[in-house]
Amino acid sequence: MSDCIFCRMIAGEIPSLRIHEDEDCIAVLDIGPAEKGHTLIIPKRHYEDVTDGLSAEVLGKLMKTAAVIGARQKERLHADGFNIVQNNGEAAGQTVHHLHIHVIPRFQGGPVIAGWNPTDPGQEALREVYELLKD
Ligand code: AMP
Ligand code: ZN
């Protein structure tokens with residue numbers, strides 16, 4: 001038996017509320033939602049994270065499903081918008097090491113969910129990072 005909680009969920013060994021299923025993925029309600037309707041898009045195949053060799057085709061399908069579920073949250077839950085969030089590595093907040101995409105409904109005046117504080121590093125520091133990251 002796999003010790004991956006999402007593999008076990010896909011196998012039906014632990015319960016989940018599946019709002020969508022297709023040949024590549026399931027979409028389930030998160031048990032600890034940041035907002036009502038918070039959904040996880042989970043590929044049926046086990047990938048540790050987004051760098052774990054999945055094809056552009058599968059990634060595209062997961063992302064398309066995330067968009068469809070976000071649109072559904074707007075239509076059926078009357079969300080004003082939604083965040084698509086995807087954590088890679090513990091430092092980034094990943095707690096379940098089976099790739100998944102969060103789709104989190106957002107309501108005007110509701111809590112900030114995927115936010116950060118902008119900084120002003122200056123041109124020199126930006127240029128240093130540019131040299132490190134460019135193709
Ligand atoms: P992350 O921190 O990006 O790895 O997100 C893992 C998410 O999985 C969290 O939001 C958890 O609430 C959610 N989660 C963990 N176990 C379950 C489960 N059995 N059913 C639904 N969601 C789960
Ligand atoms: Zn897994």
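Fair warning: this is a prediction, and the values are worked out from it, not measured in the lab. For ligands, and for the atoms within them, numbers begin at 1 and follow the listed sequence.
- When atom types are taken as modelled, the side chain of T39 and the backbone of G37 share a donor-acceptor pair closer than 3.5 angstrom.
- The structure places NE2 of H97 at 10.5 Å from CG of N88, a figure rounded to the nearest 0.5 Å.
- Annotation for ligand 1: atoms under 4.0 Å from non-hydrogen atoms of L40 are 8 (O), 13 (C), 22 (N).
- The N/O atoms of V96, backbone and side chain alike, include one that comes under 3.5 Å of an N/O atom in ligand 1.
- No side-chain donor-acceptor contact under 3.5 Å links D49 to the backbone of L99.
- The distance from ligand 1 to the heavy atoms of H102 drops below 4.0 Å at these ligand atoms: 1 (P), 3 (O), 5 (O), 7 (C), 10 (O).
- The closest non-hydrogen atom to atom 21 (C) of ligand 1, taken over I5, V28, I31, comes from I31.
- Within ligand 1, the atoms closer than 4.0 Å to a non-hydrogen atom of F6 are 8 (O), numbered from 1 in the order shown.
- Within ligand 1, counting atoms from 1 as listed, the ones closer than 4.0 Å to a heavy atom of M9 are 18 (C), 19 (N), 20 (N), 21 (C).
- Taking 4.0 Å as the cut-off between side-chain N and carboxylate O, E21 and R18 count as a salt-bridged pair.
- The CD atom of Q94 sits 7.0 Å away from atom CG of N87, with the distance rounded to the nearest 0.5 Å.
- Nearest non-hydrogen protein atom to atom 2 (O) of ligand 1 is G93 O, 2.7 Å.
- At the top of the distance list for atom 7 (C) of ligand 1, counting protein heavy atoms only, stands D30 OD2, 3.5 Å.
- Taking the six-membered ring where the residue is Trp, F6 and H100 present perpendicular rings, their angle passing 60° and hence far from 30°.
- Between the side chain of K44 and the backbone N or O of D22 there is at least one donor-acceptor pair closer than 3.5 Å.
- Crowding of E131 atom CD: a count of heavy atoms from other residues, nucleotides or ligands under 6.0 Å exceeding 12.
- Here the side chains of V103 and Q73 are in contact, with some heavy-atom distance below 4.5 Å.
- Q108 places no side-chain N or O within donor-acceptor distance of the main-chain N or O of D80, the cut-off being under 3.5 Å.
- Inspection of the environment of the Zn ion (ligand 2) yields the following protein N, O or S atoms under 2.8 Å: C4 SG, C7 SG, H46 ND1, H98 ND1.
- Taking a 4.0 Å cut-off on heavy atoms, H97 fails to register as neighbouring ligand 1.
- Residue contacts with ligand 1, taken as heavy atom pairs separated by less than 4.0 Å, do not involve Q86 at all.
- Taking every non-hydrogen atom of H100 and a distance limit under 4.0 Å, the qualifying atoms of ligand 1 come out as 1 (P), 3 (O), 4 (O), 5 (O), 6 (C).
- Nearest to atom 4 (O) of ligand 1 among the protein's heavy atoms is T95 N, 2.7 Å.
- Residue contacts with ligand 1 leave out S16, since none of its heavy atoms falls under 4.0 Å from the ligand.
- In this structure, the side chains of C4 and H46 come closer than 4.5 Å at one or more pairs of heavy atoms.
- Shortest non-hydrogen contact noted between H102 and L40 is ND1-CD2, 3.3 Å.
- Under 4.0 Å from ligand 1, the heavy atoms of L29 that appear belong solely to its backbone.
- Checked against a 3.5 angstrom limit, the closest N/O atoms of Q94 and ligand 1 fall outside it.
- H98 and Y47 have their aromatic ring centers separated by at least 6.0 angstrom.
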